[in-house]
Amino acid sequence: MPKLNVWFFTLVLFTFPLLSTSHWWFMSQVYALGAKIMCNNIAGLVTYQRQLCRENPDVMISIGKGAKLGVVECQQQFKDQRWNCSTVARDVSVFGKVTRRASRESAFVYAVSSAGVVHEVTRACSRGELSDCTCDTNRKGRSRKGFEWGGCSENVAYGLRFAKLFVDSREQERDARAKMNLHNNFVGRRAVKMHTILDCKCHGVSGSCQVKTCWKTMAPFSVVGSYLRERYQNGILVTVDQSGNELVVAEGTYPAKPPRDNLVFLEESPDYCVPNSNTGSLGTTGRVCNKTSPGHGSCGVLCCGRGFNTIQVEEEYKCACKFNWCCYVKCNICRRTVDKHVCKSPEEDSSQYNSSGRKVSALANSESRNQNRPKNQSRKRAERRKARKNKKRGASINSLDSDHRDNKSL
(Lines give C-alpha, C1' and ligand atoms only; values in the text may rest on other atoms or scores of the structure.)
Protein backbone atom coordinates (compact mmCIF):
# COMPACT_ATOMS: atom_id res chain seq x y z
CA MET A 1 0.00 0.00 0.00
CA PRO A 2 1.39 3.45 -0.83
CA LYS A 3 2.70 5.31 2.17
CA LEU A 4 0.76 8.56 2.16
CA ASN A 5 1.59 11.42 4.49
CA VAL A 6 -0.56 12.03 7.58
CA TRP A 7 -1.34 15.64 6.71
CA PHE A 8 -2.33 14.55 3.21
CA PHE A 9 -4.82 12.05 4.67
CA THR A 10 -6.25 14.82 6.85
CA LEU A 11 -6.67 17.15 3.87
CA VAL A 12 -8.24 14.51 1.65
CA LEU A 13 -10.47 12.78 4.17
CA PHE A 14 -11.88 15.68 6.13
CA THR A 15 -11.79 18.76 3.89
CA PHE A 16 -12.82 17.68 0.41
CA PRO A 17 -15.72 15.34 1.35
CA LEU A 18 -17.46 18.38 2.85
CA LEU A 19 -17.60 20.21 -0.50
CA SER A 20 -20.96 20.43 -2.27
CA THR A 21 -21.36 19.38 -5.90
CA SER A 22 -21.80 22.99 -7.02
CA HIS A 23 -18.40 23.92 -5.60
CA TRP A 24 -16.62 20.77 -6.70
CA TRP A 25 -15.50 21.91 -10.16
CA PHE A 26 -14.17 25.24 -8.89
CA MET A 27 -12.33 23.69 -5.95
CA SER A 28 -10.89 20.93 -8.12
CA GLN A 29 -9.35 23.61 -10.34
CA VAL A 30 -7.86 25.39 -7.34
CA TYR A 31 -6.64 22.06 -6.05
CA ALA A 32 -5.06 21.25 -9.40
CA LEU A 33 -2.98 24.46 -9.26
CA GLY A 34 -1.20 23.24 -6.17
CA ALA A 35 -1.15 19.58 -7.20
CA LYS A 36 2.44 19.67 -8.36
CA ILE A 37 3.69 21.13 -5.08
CA MET A 38 1.50 18.84 -2.98
CA CYS A 39 2.37 15.66 -4.88
CA ASN A 40 6.10 16.41 -4.67
CA ASN A 41 5.84 16.62 -0.89
CA ILE A 42 3.90 13.43 -0.18
CA ALA A 43 6.26 11.05 1.58
CA GLY A 44 6.70 7.55 0.21
CA LEU A 45 5.46 7.99 -3.38
CA VAL A 46 7.55 6.63 -6.21
CA THR A 47 8.16 8.67 -9.38
CA TYR A 48 5.27 7.20 -11.36
CA GLN A 49 2.86 7.72 -8.46
CA ARG A 50 3.86 11.40 -8.27
CA GLN A 51 3.18 11.72 -11.97
CA LEU A 52 -0.29 10.17 -11.57
CA CYS A 53 -0.91 12.43 -8.59
CA ARG A 54 -0.07 15.59 -10.58
CA GLU A 55 -2.15 14.51 -13.58
CA ASN A 56 -5.16 13.29 -11.55
CA PRO A 57 -5.47 15.36 -8.35
CA ASP A 58 -9.20 14.65 -8.12
CA VAL A 59 -8.58 10.89 -8.18
CA MET A 60 -6.03 11.25 -5.37
CA ILE A 61 -8.89 12.27 -3.10
CA SER A 62 -10.61 8.96 -3.78
CA ILE A 63 -7.36 7.06 -3.25
CA GLY A 64 -6.98 8.60 0.21
CA LYS A 65 -10.59 7.76 1.07
CA GLY A 66 -10.11 4.22 -0.26
CA ALA A 67 -7.04 3.72 1.93
CA LYS A 68 -9.02 4.82 4.98
CA LEU A 69 -11.93 2.56 3.97
CA GLY A 70 -9.52 -0.38 3.89
CA VAL A 71 -8.19 0.42 7.38
CA VAL A 72 -11.70 0.72 8.86
CA GLU A 73 -12.84 -2.56 7.27
CA CYS A 74 -9.67 -4.33 8.42
CA GLN A 75 -10.30 -3.25 12.02
CA GLN A 76 -13.93 -4.33 11.77
CA GLN A 77 -13.02 -7.79 10.48
CA PHE A 78 -10.33 -8.38 13.14
CA LYS A 79 -11.81 -6.59 16.15
CA ASP A 80 -12.13 -9.89 18.08
CA GLN A 81 -8.72 -11.29 17.12
CA ARG A 82 -5.33 -11.12 18.85
CA TRP A 83 -4.15 -9.00 15.93
CA ASN A 84 -6.83 -6.36 15.56
CA CYS A 85 -5.39 -4.43 12.62
CA SER A 86 -4.23 -1.65 14.92
CA THR A 87 -2.65 1.42 13.38
CA VAL A 88 0.39 3.31 14.61
CA ALA A 89 0.07 7.05 15.20
CA ARG A 90 2.49 9.31 13.32
CA ASP A 91 3.74 6.44 11.17
CA VAL A 92 3.45 6.95 7.41
CA SER A 93 3.18 3.20 6.89
CA VAL A 94 -0.09 3.32 8.91
CA PHE A 95 0.36 -0.21 10.34
CA GLY A 96 3.94 0.17 11.56
CA LYS A 97 6.30 -2.79 11.49
CA VAL A 98 3.55 -5.40 11.08
CA THR A 99 3.54 -5.00 7.30
CA ARG A 100 7.32 -5.41 7.13
CA ARG A 101 6.87 -9.14 7.66
CA ALA A 102 5.52 -11.15 4.73
CA SER A 103 2.80 -12.74 6.89
CA ARG A 104 -0.92 -13.43 6.50
CA GLU A 105 -1.69 -10.10 8.13
CA SER A 106 0.38 -8.20 5.56
CA ALA A 107 -1.38 -10.11 2.80
CA PHE A 108 -4.79 -9.03 4.09
CA VAL A 109 -3.69 -5.39 4.54
CA TYR A 110 -2.48 -5.15 0.95
CA ALA A 111 -5.59 -6.84 -0.43
CA VAL A 112 -8.15 -4.81 1.53
CA SER A 113 -6.31 -1.54 0.84
CA SER A 114 -6.23 -2.26 -2.89
CA ALA A 115 -9.93 -3.15 -2.79
CA GLY A 116 -10.72 0.06 -0.91
CA VAL A 117 -9.03 2.16 -3.61
CA VAL A 118 -11.04 0.41 -6.36
CA HIS A 119 -14.27 0.89 -4.42
CA GLU A 120 -13.83 4.60 -3.73
CA VAL A 121 -12.50 5.53 -7.19
CA THR A 122 -15.46 3.74 -8.78
CA ARG A 123 -17.95 5.46 -6.46
CA ALA A 124 -16.42 8.87 -7.17
CA CYS A 125 -16.82 8.17 -10.88
CA SER A 126 -20.51 7.33 -10.44
CA ARG A 127 -21.05 10.53 -8.45
CA GLY A 128 -19.55 12.59 -11.25
CA GLU A 129 -16.56 13.75 -9.20
CA LEU A 130 -13.92 12.63 -11.72
CA SER A 131 -13.37 14.62 -14.88
CA ASP A 132 -12.37 11.76 -17.18
CA CYS A 133 -14.74 9.02 -15.99
CA THR A 134 -18.42 8.39 -16.62
CA CYS A 135 -20.94 5.59 -16.05
CA ASP A 136 -20.29 2.25 -17.75
CA THR A 137 -21.53 2.94 -21.29
CA ASN A 138 -20.94 -0.63 -22.43
CA ARG A 139 -24.17 -1.74 -20.82
CA LYS A 140 -27.06 -0.53 -23.00
CA GLY A 141 -30.09 -1.88 -24.83
CA ARG A 142 -31.97 -5.03 -23.95
CA SER A 143 -30.25 -7.86 -22.10
CA ARG A 144 -30.62 -11.59 -22.72
CA LYS A 145 -32.65 -11.86 -19.50
CA GLY A 146 -35.31 -9.53 -20.86
CA PHE A 147 -34.64 -6.32 -18.94
CA GLU A 148 -33.43 -2.97 -20.22
CA TRP A 149 -30.07 -1.60 -19.26
CA GLY A 150 -30.51 1.85 -17.77
CA GLY A 151 -29.53 4.06 -14.88
CA CYS A 152 -25.82 4.46 -14.20
CA SER A 153 -23.94 1.18 -14.06
CA GLU A 154 -20.84 1.77 -11.97
CA ASN A 155 -17.66 1.86 -14.00
CA VAL A 156 -15.72 -0.77 -12.03
CA ALA A 157 -13.34 -1.20 -14.97
CA TYR A 158 -12.08 2.37 -14.51
CA GLY A 159 -11.57 1.82 -10.76
CA LEU A 160 -9.69 -1.41 -11.43
CA ARG A 161 -7.48 0.19 -14.04
CA PHE A 162 -6.51 3.24 -11.98
CA ALA A 163 -5.97 1.24 -8.77
CA LYS A 164 -3.66 -1.13 -10.64
CA LEU A 165 -1.67 1.78 -12.10
CA PHE A 166 -1.26 3.58 -8.80
CA VAL A 167 -0.98 0.82 -6.19
CA ASP A 168 1.05 -1.71 -8.18
CA SER A 169 3.56 0.89 -9.39
CA ARG A 170 5.07 0.93 -5.92
CA GLU A 171 6.36 -2.63 -6.31
CA GLN A 172 9.39 -1.80 -8.43
CA GLU A 173 11.55 -4.67 -7.19
CA ARG A 174 11.32 -8.18 -8.59
CA ASP A 175 11.94 -10.06 -5.36
CA ALA A 176 9.63 -12.52 -3.60
CA ARG A 177 8.03 -9.88 -1.38
CA ALA A 178 7.13 -7.69 -4.36
CA LYS A 179 5.56 -10.69 -6.12
CA MET A 180 3.58 -11.47 -2.98
CA ASN A 181 2.30 -7.88 -2.74
CA LEU A 182 1.30 -7.78 -6.42
CA HIS A 183 -0.58 -11.07 -6.06
CA ASN A 184 -2.52 -9.85 -3.01
CA ASN A 185 -3.24 -6.48 -4.63
CA PHE A 186 -4.80 -8.40 -7.51
CA VAL A 187 -6.91 -10.52 -5.12
CA GLY A 188 -8.25 -7.34 -3.51
CA ARG A 189 -9.14 -5.70 -6.83
CA ARG A 190 -10.75 -8.87 -8.13
CA ALA A 191 -12.84 -9.19 -4.96
CA VAL A 192 -14.59 -5.89 -5.78
CA LYS A 193 -15.24 -7.00 -9.37
CA MET A 194 -16.62 -10.38 -8.24
CA HIS A 195 -19.09 -8.76 -5.87
CA THR A 196 -21.01 -6.51 -8.23
CA ILE A 197 -24.78 -6.88 -8.02
CA LEU A 198 -27.71 -6.21 -10.33
CA ASP A 199 -30.04 -3.45 -9.14
CA CYS A 200 -33.41 -3.11 -10.89
CA LYS A 201 -36.50 -0.93 -10.96
CA CYS A 202 -39.92 -1.85 -12.34
CA HIS A 203 -42.05 0.42 -14.51
CA GLY A 204 -45.71 -0.01 -15.39
CA VAL A 205 -49.31 0.66 -14.38
CA SER A 206 -50.04 0.23 -10.65
CA GLY A 207 -46.56 -1.00 -9.94
CA SER A 208 -46.61 -3.75 -12.54
CA CYS A 209 -43.29 -4.79 -13.97
CA GLN A 210 -44.06 -4.44 -17.68
CA VAL A 211 -40.64 -2.88 -18.18
CA LYS A 212 -37.70 -3.55 -15.90
CA THR A 213 -34.63 -1.30 -15.95
CA CYS A 214 -31.43 -2.60 -14.37
CA TRP A 215 -27.88 -1.44 -13.75
CA LYS A 216 -24.73 -2.84 -12.17
CA THR A 217 -23.52 -1.60 -8.81
CA MET A 218 -20.89 -2.68 -6.29
CA ALA A 219 -21.84 -4.62 -3.19
CA PRO A 220 -21.32 -2.93 0.21
CA PHE A 221 -17.64 -2.93 1.10
CA SER A 222 -18.35 -5.06 4.18
CA VAL A 223 -19.21 -7.92 1.79
CA VAL A 224 -15.81 -7.55 0.14
CA GLY A 225 -14.15 -7.42 3.57
CA SER A 226 -15.85 -10.65 4.69
CA TYR A 227 -14.77 -12.39 1.49
CA LEU A 228 -11.16 -11.29 1.96
CA ARG A 229 -11.32 -12.46 5.58
CA GLU A 230 -12.15 -15.95 4.29
CA ARG A 231 -9.22 -15.70 1.87
CA TYR A 232 -7.03 -14.74 4.84
CA GLN A 233 -8.05 -17.83 6.79
CA ASN A 234 -7.33 -20.01 3.76
CA GLY A 235 -4.09 -18.22 2.92
CA ILE A 236 -1.34 -20.21 1.22
CA LEU A 237 2.31 -20.32 2.24
CA VAL A 238 4.40 -19.76 -0.89
CA THR A 239 7.99 -19.46 -2.02
CA VAL A 240 9.67 -18.63 -5.32
CA ASP A 241 10.61 -21.27 -7.87
CA GLN A 242 14.20 -22.11 -8.77
CA SER A 243 14.30 -19.45 -11.47
CA GLY A 244 13.05 -16.82 -8.99
CA ASN A 245 10.36 -15.66 -11.42
CA GLU A 246 7.18 -17.25 -10.08
CA LEU A 247 5.50 -17.87 -6.74
CA VAL A 248 4.81 -21.54 -6.03
CA VAL A 249 3.08 -23.35 -3.17
CA ALA A 250 5.71 -24.03 -0.52
CA GLU A 251 4.28 -27.29 0.83
CA GLY A 252 3.33 -28.87 -2.48
CA THR A 253 4.84 -32.08 -3.81
CA TYR A 254 5.34 -30.52 -7.21
CA PRO A 255 5.86 -26.81 -7.99
CA ALA A 256 2.40 -25.34 -8.54
CA LYS A 257 1.19 -21.77 -8.77
CA PRO A 258 -1.16 -20.67 -5.98
CA PRO A 259 -4.82 -20.08 -6.96
CA ARG A 260 -5.27 -16.50 -8.10
CA ASP A 261 -8.15 -15.86 -5.67
CA ASN A 262 -6.21 -16.91 -2.56
CA LEU A 263 -4.08 -14.63 -0.43
CA VAL A 264 -0.45 -15.72 -0.22
CA PHE A 265 2.29 -15.16 2.35
CA LEU A 266 5.99 -15.99 2.67
CA GLU A 267 6.40 -16.46 6.44
CA GLU A 268 4.30 -17.48 9.41
CA SER A 269 2.68 -14.88 11.63
CA PRO A 270 4.49 -13.68 14.75
CA ASP A 271 3.10 -14.04 18.28
CA TYR A 272 0.62 -11.24 18.85
CA CYS A 273 0.03 -12.13 22.52
CA VAL A 274 2.85 -9.99 23.91
CA PRO A 275 4.36 -6.66 22.79
CA ASN A 276 7.32 -6.99 20.47
CA SER A 277 9.03 -3.94 19.01
CA ASN A 278 10.75 -6.03 16.35
CA THR A 279 7.54 -7.40 14.84
CA GLY A 280 5.28 -4.46 15.67
CA SER A 281 3.02 -6.56 17.91
CA LEU A 282 1.19 -4.46 20.51
CA GLY A 283 0.10 -7.48 22.58
CA THR A 284 -3.37 -8.07 24.00
CA THR A 285 -2.91 -6.53 27.46
CA GLY A 286 -5.92 -4.40 28.38
CA ARG A 287 -8.09 -5.69 25.52
CA VAL A 288 -11.78 -6.10 26.41
CA CYS A 289 -12.83 -9.74 26.11
CA ASN A 290 -16.02 -11.81 26.33
CA LYS A 291 -16.12 -13.93 29.48
CA THR A 292 -18.92 -16.25 28.33
CA SER A 293 -18.07 -16.73 24.63
CA PRO A 294 -15.97 -19.79 23.74
CA GLY A 295 -14.79 -18.57 20.33
CA HIS A 296 -13.15 -15.48 18.87
CA GLY A 297 -13.10 -12.56 21.25
CA SER A 298 -13.33 -14.83 24.29
CA CYS A 299 -11.12 -14.17 27.27
CA GLY A 300 -9.52 -17.60 26.85
CA VAL A 301 -8.39 -16.89 23.30
CA LEU A 302 -7.81 -13.14 23.42
CA CYS A 303 -5.89 -13.14 26.70
CA CYS A 304 -3.62 -16.02 25.60
CA GLY A 305 -4.26 -17.97 28.82
CA ARG A 306 -3.06 -15.15 31.11
CA GLY A 307 -6.48 -14.56 32.62
CA PHE A 308 -8.42 -11.32 32.93
CA ASN A 309 -9.42 -8.62 35.39
CA THR A 310 -13.02 -7.55 35.93
CA ILE A 311 -13.70 -3.84 36.28
CA GLN A 312 -16.94 -1.93 36.69
CA VAL A 313 -17.69 0.96 34.36
CA GLU A 314 -20.66 3.27 34.05
CA GLU A 315 -22.27 3.59 30.64
CA GLU A 316 -25.13 5.57 29.16
CA TYR A 317 -28.08 4.08 27.25
CA LYS A 318 -31.45 5.20 25.93
CA CYS A 319 -34.46 4.35 28.07
CA ALA A 320 -38.15 5.20 28.54
CA CYS A 321 -38.55 5.86 24.82
CA LYS A 322 -41.88 7.32 23.68
CA PHE A 323 -43.33 7.91 20.22
CA ASN A 324 -44.55 11.46 19.73
CA TRP A 325 -47.10 12.31 17.06
CA CYS A 326 -45.88 13.11 14.49
CA CYS A 327 -43.26 11.71 13.97
CA TYR A 328 -40.28 11.15 16.19
CA VAL A 329 -39.18 9.07 19.15
CA LYS A 330 -37.98 10.77 22.33
CA CYS A 331 -35.86 8.88 24.84
CA ASN A 332 -34.29 9.57 28.19
CA ILE A 333 -30.63 8.96 28.87
CA CYS A 334 -30.09 6.48 31.70
CA ARG A 335 -26.93 5.18 33.35
CA ARG A 336 -26.00 1.72 34.49
CA THR A 337 -22.97 -0.03 35.90
CA VAL A 338 -21.67 -2.98 33.90
CA ASP A 339 -18.78 -5.40 34.26
CA LYS A 340 -15.96 -5.26 31.73
CA HIS A 341 -13.36 -7.99 31.43
CA VAL A 342 -9.87 -6.95 30.32
CA CYS A 343 -6.87 -9.15 29.62
CA LYS A 344 -4.07 -9.27 32.19
CA SER A 345 -0.53 -8.30 31.34
CA PRO A 346 2.27 -10.90 31.32
CA GLU A 347 3.63 -9.29 34.51
CA GLU A 348 0.33 -9.86 36.36
CA ASP A 349 0.42 -13.51 35.36
CA SER A 350 4.09 -14.09 36.24
CA SER A 351 3.19 -15.86 39.51
CA GLN A 352 1.93 -18.80 37.42
CA TYR A 353 5.34 -19.43 35.88
CA ASN A 354 8.62 -20.68 37.32
CA SER A 355 12.09 -19.38 36.51
CA SER A 356 12.30 -21.49 33.34
CA GLY A 357 9.04 -20.02 32.00
CA ARG A 358 6.98 -23.18 32.48
CA LYS A 359 3.56 -23.02 34.07
CA VAL A 360 3.44 -24.51 37.56
CA SER A 361 0.56 -26.23 39.36
CA ALA A 362 -1.56 -24.77 42.14
CA LEU A 363 0.21 -27.05 44.67
CA ALA A 364 3.59 -25.80 43.51
CA ASN A 365 2.35 -22.24 43.82
CA SER A 366 1.17 -22.97 47.36
CA GLU A 367 4.54 -24.46 48.30
CA SER A 368 6.28 -21.49 46.73
CA ARG A 369 4.16 -19.11 48.78
CA ASN A 370 4.96 -21.06 51.96
CA GLN A 371 8.66 -20.90 51.21
CA ASN A 372 8.52 -17.18 50.60
CA ARG A 373 6.86 -16.36 53.92
CA PRO A 374 8.95 -14.43 56.47
CA LYS A 375 11.02 -16.61 58.82
CA ASN A 376 9.72 -14.99 61.99
CA GLN A 377 6.15 -15.76 60.90
CA SER A 378 7.07 -19.40 60.36
CA ARG A 379 8.82 -19.53 63.78
CA LYS A 380 5.73 -18.16 65.58
CA ARG A 381 3.52 -20.72 63.89
CA ALA A 382 5.90 -23.52 64.90
CA GLU A 383 5.86 -22.29 68.53
CA ARG A 384 2.05 -22.24 68.54
CA ARG A 385 1.91 -25.79 67.19
CA LYS A 386 4.41 -26.92 69.88
CA ALA A 387 2.31 -25.26 72.60
CA ARG A 388 -0.83 -27.03 71.40
CA LYS A 389 1.00 -30.39 71.44
CA ASN A 390 2.29 -29.79 74.99
CA LYS A 391 -1.19 -28.86 76.13
CA LYS A 392 -2.62 -32.06 74.69
CA ARG A 393 0.19 -34.11 76.28
CA GLY A 394 -0.47 -32.51 79.67
CA ALA A 395 -4.16 -33.25 79.42
CA SER A 396 -3.49 -36.93 78.65
CA ILE A 397 -1.05 -37.25 81.65
CA ASN A 398 -3.63 -35.74 84.04
CA SER A 399 -6.19 -38.21 82.73
CA LEU A 400 -3.87 -41.17 83.45
CA ASP A 401 -3.14 -39.94 87.02
CA SER A 402 -6.84 -39.63 87.72
CA ASP A 403 -7.46 -43.20 86.56
CA HIS A 404 -4.58 -44.46 88.74
CA ARG A 405 -6.03 -42.76 91.87
CA ASP A 406 -9.42 -44.21 91.18
CA ASN A 407 -7.94 -47.73 90.91
CA LYS A 408 -6.16 -47.30 94.30
CA SER A 409 -9.34 -46.28 96.06
CA LEU A 410 -11.00 -49.43 94.79
Side-chain angles (χ1 to χ4, degrees), residues 1 67-89 91 93-99 101-116 119 184 187-188 191 195 219-237 262-265 267-276 279-317 336-349:
M1 186 183 72
K68 182 181 179 182
L69 180 65
V71 172
V72 172
E73 184 60 29
C74 183
Q75 292 176 344
Q76 176 63 28
Q77 291 293 332
F78 289 87
K79 63 182 179 180
D80 57 354
Q81 301 291 304
R82 291 174 179 174
W83 177 72
N84 60 349
C85 203
S86 53
T87 57
V88 180
D91 192 309
S93 65
V94 182
F95 297 97
K97 294 181 180 179
V98 169
T99 52
R101 296 178 67 97
S103 62
R104 289 175 187 264
E105 291 70 36
S106 292
F108 183 87
V109 165
Y110 275 78
V112 78
S113 300
S114 179
H119 198 275
N184 294 321
V187 173
H195 291 87
F221 196 66
S222 58
V223 175
V224 176
S226 298
Y227 169 81
L228 291 176
R229 170 69 183 275
E230 293 178 4
R231 302 295 91 191
Y232 162 87
Q233 292 173 334
N234 298 319
I236 299 175
L237 180 66
N262 279 81
L263 295 181
V264 298
F265 58 97
E267 56 183 315
E268 295 294 345
S269 302
D271 181 13
Y272 292 106
C273 288
V274 294
N276 188 324
T279 62
S281 171
L282 301 179
T284 62
T285 301
R287 292 275 300 277
V288 177
C289 61
N290 191 330
K291 180 182 177 181
T292 58
S293 171
H296 296 305
S298 66
C299 292
V301 173
L302 204 58
C303 301
C304 306
R306 296 191 303 265
F308 57 90
N309 295 319
T310 302
I311 60 175
Q312 290 188 331
V313 296
E314 192 176 69
E315 65 177 16
E316 295 182 347
Y317 68 100
R336 61 187 173 193
T337 301
V338 297
D339 289 338
K340 293 278 188 181
H341 311 292
V342 296
C343 294
K344 289 183 178 181
S345 66
E347 291 76 16
E348 290 180 280
D349 193 50

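Hydrogens, waters and symmetry mates play no part in the numbers below; they use all other heavy atoms, side chains included.
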A side-chain contact here means heavy atoms from C-beta on lying under 4.5 Å apart; do [X] and [Y] qualify?
X: S281; Y: V274; value: no
X: E105; Y: S269; value: yes
X: C289; Y: C303; value: yes
X: V112; Y: F221; value: yes
X: N262; Y: V187; value: no
X: R287; Y: N84; value: yes
X: L263; Y: R104; value: no
X: V224; Y: E73; value: no

Between [X] (side chain only) and [Y] (backbone N and O only), is there a donor and an acceptor less than 3.5 Å apart?
X: S106; Y: V98; answer: yes
X: S298; Y: G295; answer: yes
X: S114; Y: Y110; answer: no
X: H195; Y: A191; answer: yes

Would you compute the distance between atom [atom1] of [X] and atom [atom2] of [Y] and round it to the nearest 0.5 angstrom?
X: L228; Y: Q77; atom1: CG; atom2: CD; value: 8.5 Å
X: Y232; Y: F265; atom1: OH; atom2: CZ; value: 9.0 Å
X: S103; Y: L237; atom1: OG; atom2: CG; value: 11.5 Å
X: R336; Y: Q312; atom1: CZ; atom2: CD; value: 14.0 Å
X: S293; Y: D80; atom1: OG; atom2: CG; value: 8.5 Å
X: R306; Y: S345; atom1: CZ; atom2: OG; value: 7.0 Å

Which pair of non-hydrogen atoms, one from [X] and one from [Y], has the smallest distance, and what is that distance?
X: K79; Y: Q76; answer: NZ-NE2, 3.2 Å
X: H341; Y: C299; answer: CB-SG, 4.0 Å
X: C304; Y: R82; answer: SG-NE, 3.5 Å

Original post:
Taking it one step at a time, do F308 and V342 satisfy side-chain contact (heavy atoms from CB on, under 4.5 Å)?
Top reply: CA-CA 5 Å; F308 57 90; V342 296; over 6 Å; no

Original post:
Can you name the side chain to side chain donor-acceptor pair (under 3.5 Å) partners of E314, sequence neighbours left out?
Top reply: R335

**OP:** With sequence neighbours excluded, tell me which residues meet salt bridge (charged side-chain N to carboxylate O under 4.0 Å, His left out) with R101.
**Re:** E267

Original post:
Residues in side chain to side chain contact (heavy atoms under 4.5 Å, CB included) with T292, at least two apart?
Top reply: N290

Subject >> Derivation and outcome, side-chain contact (heavy atoms from CB on, under 4.5 Å), residues Y272 and T284 >> reply: CA-CA 7 Å; Y272 292 106; T284 62; 5.6 Å; no

Original post:
Does R229 make a cation-pi contact with F78, if we ask for NZ or CZ under 6.0 Å from the ring centre and within 45° of the axis?
Top reply: yes

